[in-house]
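The structure under discussion appears below in the form of structure tokens.
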Amino acid sequence: MGLPFCRACAALVLLWAAVLTAGCQGCQKPAPDQVDPALLLLPKQTQTVISFDVRQLRQSSLWAVLMGQGERALQHHKLLDTISARTGWDPLRDIQRLVVAFPENAREAGQFAIVIYGENFDERRLVAFARDQASLSGIAITQAELAGQRAWVAHTSPVRQTGFFVGKDVFVLGGGPWGQSLAALASQPWKASAAGAEEFSNLCRRAGLGHAAWLASIVPSAVRTQLAADARFEAASTVSRVTISLSLENGLGILGRAELSTAEHAASLASQLQRFALEARQSPQVLLLGLGPWLQGVRVVAEGPQVTAHVQLSPDQTQTLIERLTGLLALPQMHRP
């Protein structure tokens, strides 16, 4: 997952402070009960979504490991205590879900969206805290009216950040031109939203809505072009869509799917992944950490133009892995800056 989830959670939640101070067309609407509500708040140009169901994660045995690592990472800032004291809002307790989204050309204009579902939002206190923190870096946060939404704009360079609250339990933050688009969607959810983009909405459903964490992405053409420039990645360069989901039922399950242009490319990519898993199991580092048994459970299969990779750990295996990770993260060298 990259950064430990708790650390990422805290960073995203504090966008009023930490981030702000740092400088398919013509389709029909899917049935409402089949649409992820977050897609209603995202622009139709969305091509990548990453979702974390924090409620599920908090109820899992993984949470203690993730929270402990995140607290160690933030301890020298005393950030969580400061936020709770100033705003009455505890990110680790009050966040229910995090959704991060990007368009294909996110790097060009800095577009992104973050949707935070939570409890105990106090807009007045949170904005006051963000303004105080931003002012320390010479950044002004001003109020603006966007598509009927009371928005708060951080005049950062080179990309402006725009945030606003939707009701009492949703906060939306947008980067660059997406700030205006997000505000418009909050007022008219079906208008030009990702929920109305049939290809992408279906991809999100295939990712497995309701899982503890999932990713759905239409691979940017620039990425495919870059991969195609290296003969070693010819098969990978034809991947058009990717989904990854993490399930915490009956242990720990991770399922990834990639859709390629041809069955031949899928077979080639599956072979490469199988070879990689075998080499990883035999590496000295993996053997030293005793992670071989978990890698042995990885299954990679090509079916037509699709490659599926799956690993399922039993509750006992998951508990053993957690204990091993806890011990590993407790080592002094793991906490060096």
Side-chain angles (χ1 to χ4, degrees), residues 1-3 5 8 24 27 30 34 36 38-39 42 44-53 99-107 112 194 197-249 252-281 283 286 291 294-313:
M1 239 188 264
L3 283 172
F5 176 78
C24 148
C27 61
Q34 297 176 334
D36 185 325
L39 297 185
L42 300 176
K44 200 168 188 175
Q45 294 77 21
T46 300
Q47 291 208 356
T48 297
V49 167
I50 309 169
S51 171
F52 300 97
D53 188 329
V99 178
V100 185
F102 305 95
E104 178 175 8
N105 58 342
R107 293 184 179 182
F112 69 84
E198 188 174 24
E199 178 187 3
F200 189 72
S201 184
N202 288 337
L203 186 66
C204 291
R205 284 196 290 274
R206 291 199 294 274
L209 305 182
H211 283 305
W214 58 268
L215 172 149
S217 179
I218 298 175
V219 181
S221 57
V223 173
R224 297 199 300 271
T225 300
Q226 186 176 4
L227 290 172
D230 191 325
R232 295 174 300 172
F233 304 123
E234 178 184 359
S237 70
T238 71
V239 175
S240 58
R241 290 174 286 273
V242 174
T243 62
I244 302 173
S245 60
L246 182 147
S247 173
L248 298 175
E249 296 178 1
L252 173 65
I254 301 175
L255 176 65
R257 292 191 181 95
E259 299 175 25
L260 293 84
S261 59
T262 67
E264 290 74 19
H265 283 128
S268 176
L269 180 60
S271 178
Q272 290 177 334
L273 293 174
Q274 290 165 350
R275 186 166 59 253
F276 173 78
L278 177 61
E279 293 173 354
R281 289 199 301 267
S283 73
V286 170
L291 298 179
W294 288 271
L295 287 176
Q296 287 178 357
V298 177
R299 298 289 180 265
V300 181
V301 178
E303 296 178 339
Q306 178 175 281
V307 173
T308 300
H310 180 241
V311 60
Q312 178 66 51
L313 304 183

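Just so it is clear, the values below take in all heavy atoms, side chains as well, and ignore hydrogens, waters and symmetry mates. Fair warning: this is a prediction, and the values are worked out from it, not measured in the lab.
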Once rounded to the nearest 0.5 Å, what's the spacing between atom [atom1] of [X] and atom [atom2] of [Y]?
{"X": "T243", "Y": "L255", "atom1": "OG1", "atom2": "CG", "answer": "6.5 Å"}
{"X": "S268", "Y": "L260", "atom1": "OG", "atom2": "CG", "answer": "9.0 Å"}
{"X": "H211", "Y": "I244", "atom1": "NE2", "atom2": "CD1", "answer": "12.5 Å"}
{"X": "H310", "Y": "S247", "atom1": "NE2", "atom2": "OG", "answer": "8.0 Å"}
{"X": "L246", "Y": "F52", "atom1": "CG", "atom2": "CZ", "answer": "9.5 Å"}
{"X": "H265", "Y": "S237", "atom1": "NE2", "atom2": "OG", "answer": "6.5 Å"}

Basic-acidic side-chain contact under 4.0 Å: E198, K44: no
Search all heavy atoms of [X] against all heavy atoms of [Y] and return the closest pair with its distance.
{"X": "A236", "Y": "L227", "value": "O-CD1, 3.8 Å"}
{"X": "R257", "Y": "R206", "value": "NH1-O, 3.5 Å"}
{"X": "A207", "Y": "W214", "value": "CB-CE3, 3.7 Å"}
{"X": "T48", "Y": "T46", "value": "O-CG2, 3.6 Å"}
{"X": "T308", "Y": "Q306", "value": "OG1-NE2, 3.5 Å"}
{"X": "A194", "Y": "S201", "value": "O-CB, 4.1 Å"}

Is a side-chain N or O of [X] found less than 3.5 angstrom from the main chain of [Y], in a donor-acceptor match?
{"X": "E259", "Y": "P305", "answer": "no"}
{"X": "R224", "Y": "V219", "answer": "yes"}
{"X": "Q45", "Y": "F102", "answer": "no"}

Heavy-atom side-chain proximity of V301 to V307 below 4.5 angstrom: no
Sub-4.5 Å side-chain heavy-atom contact between C204 and L39: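 Answer yes - side chains close enough.
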Evaluation steps, side-chain contact (heavy atoms from CB on, under 4.5 Å), between V99 and I50: CA-CA 6 Å; V99 178; I50 309 169; over 6 Å; no
Audit row: V100, V49, side-chain contact (heavy atoms from CB on, under 4.5 Å) steps and yes/no: CA-CA 6 Å; V100 185; V49 167; over 6 Å; no
Donor-acceptor side-chain pairing of E104 and S221 below 3.5 angstrom: yes
